[in-house]
Amino acid sequence: MNYVQEKYQKEVAKKLQDALKITNVMAVPKISKIVVNMGVKNAVADKKNMEIATQVMELITGQKPKVTSAKKSISSFKLREGDKIGLVVTLRGNRMYDFFGKLVDVVLPRLKDFRGVGTNSFDGRGSYSLGISEYSVFPEIDPGKIDRIQGVQITIVTSAKSKEHTESLLRQLGMPFVK
């Protein structure tokens, strides 16, 4: 068990139960999964880009990514239905807590001009999304070996029912929101 999971069980769950006035312990919000998504630039033109992105996603998440395909053909992008254009990884359990701890403690502080993550990316049903414009801020990536800058989209899915509950949970777990 890592420190984020331990912190949740020992401190955060009790604080949230009191703050949100929840009587049932099982109804206290918790993180259920983290989805890491990457659209691969020029994946159709050069298949090597997809291989490089796959290796990067494996390093970042510690899990093999699933390749996503185009759902529709778009002629202006020279894209056909079924073309491989992205990668997605769904993290649960210990890997999820490890990734969340790494995201909050290492990755976000390494971003240029970082003043906190915005509070306008909640969907109202228990999810929070944030985008990182370049994956070189992850500690596993060697910046000297990067030839193409890619972005990563991270969605944190919780069991909370509202934006306020989700924000309370993430704040208690250490997510650095803008003040």
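This is a predicted model, so every value here is computed, not measured. Count residues from 1 along the sequence.
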For a quick test of reading the model, state the closest non-hydrogen atom pair linking [X] to [Y] and the distance between them.
X: Ile31; Y: Leu169; value: N-CD2, 3.9 Å
X: Gln17; Y: Val25; value: NE2-CG2, 3.8 Å
X: His165; Y: Pro29; value: CB-CG, 4.2 Å
X: Val40; Y: Ala53; value: CG2-CB, 3.7 Å
X: Val152; Y: Met38; value: CG2-CE, 3.9 Å
X: Met50; Y: Ile85; value: CE-N, 3.7 Å

Atom pair [atom1]/[atom2] of [X] and [Y] - distance to nearest 0.5 Å:
X: Leu170; Y: Thr119; atom1: CG; atom2: OG1; value: 12.0 Å
X: Thr61; Y: Phe99; atom1: OG1; atom2: CZ; value: 7.5 Å
X: Leu91; Y: Asp98; atom1: CG; atom2: CG; value: 9.5 Å
X: Ile156; Y: Met96; atom1: CD1; atom2: CE; value: 10.0 Å

Measuring only between side-chain heavy atoms, which start at C-beta, is [X] closer than 4.5 Å to [Y]?
X: Tyr128; Y: Lys163; result: no
X: Tyr135; Y: Ile141; result: yes
X: Ser121; Y: Leu130; result: no
X: Ser133; Y: Leu111; result: no
X: Arg92; Y: Gln63; result: no
X: Leu87; Y: Lys66; result: no
X: Lys72; Y: Glu81; result: no
X: Ile132; Y: Val107; result: yes

Quick one: does any side-chain atom of [X] pair with a main-chain N or O of [Y] as donor and acceptor, under 3.5 Å?
X: Gln150; Y: Gly39; value: yes
X: Lys30; Y: Ala13; value: no
X: Thr158; Y: Ser127; value: no

Query raised in the report: Is Val88 reachable from Ile52 through a run of I, L, V, M, F, W or Y residues, each pair having side-chain heavy atoms under 4.5 Å apart?
Result: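 As far as the 4.5 Å side-chain criterion goes, Val88 and Ile52 are not connected within one cluster.
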Query raised in the report: So if you build clusters from Ile, Leu, Val, Met, Phe, Trp, Tyr with side-chain heavy-atom gaps below 4.5 Å, do Val67 and Val35 land together?
Result: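 Cluster IDs for Val67 and Val35 differ.
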Query raised in the report: Taking atom CZ of Arg110 as the centre, does the number of heavy atoms from other residues, nucleotides or ligands within less than 6.0 Å exceed 12?
Result: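 Yes.
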**Report entry** Ion pair check, Lys10 and Glu6, cut-off under 4.0 Å
**Finding:**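 Salt bridge flag = yes for Glu6 with Lys10.
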Requested in this report: Take Glu134 and Lys112 through the salt bridge (charged side-chain N to carboxylate O under 4.0 Å, His left out) test and state the conclusion after the steps.
Outcome: CA-CA 11 Å; Glu134 53 184 84; Lys112 288 182 183 174; 5.5 Å; no
**Report entry** Stepwise side chain to side chain donor-acceptor pair (under 3.5 Å) test for Thr155 and Ser129
**Finding:** CA-CA 4 Å; Thr155 303; Ser129 297; 3.2 Å; yes
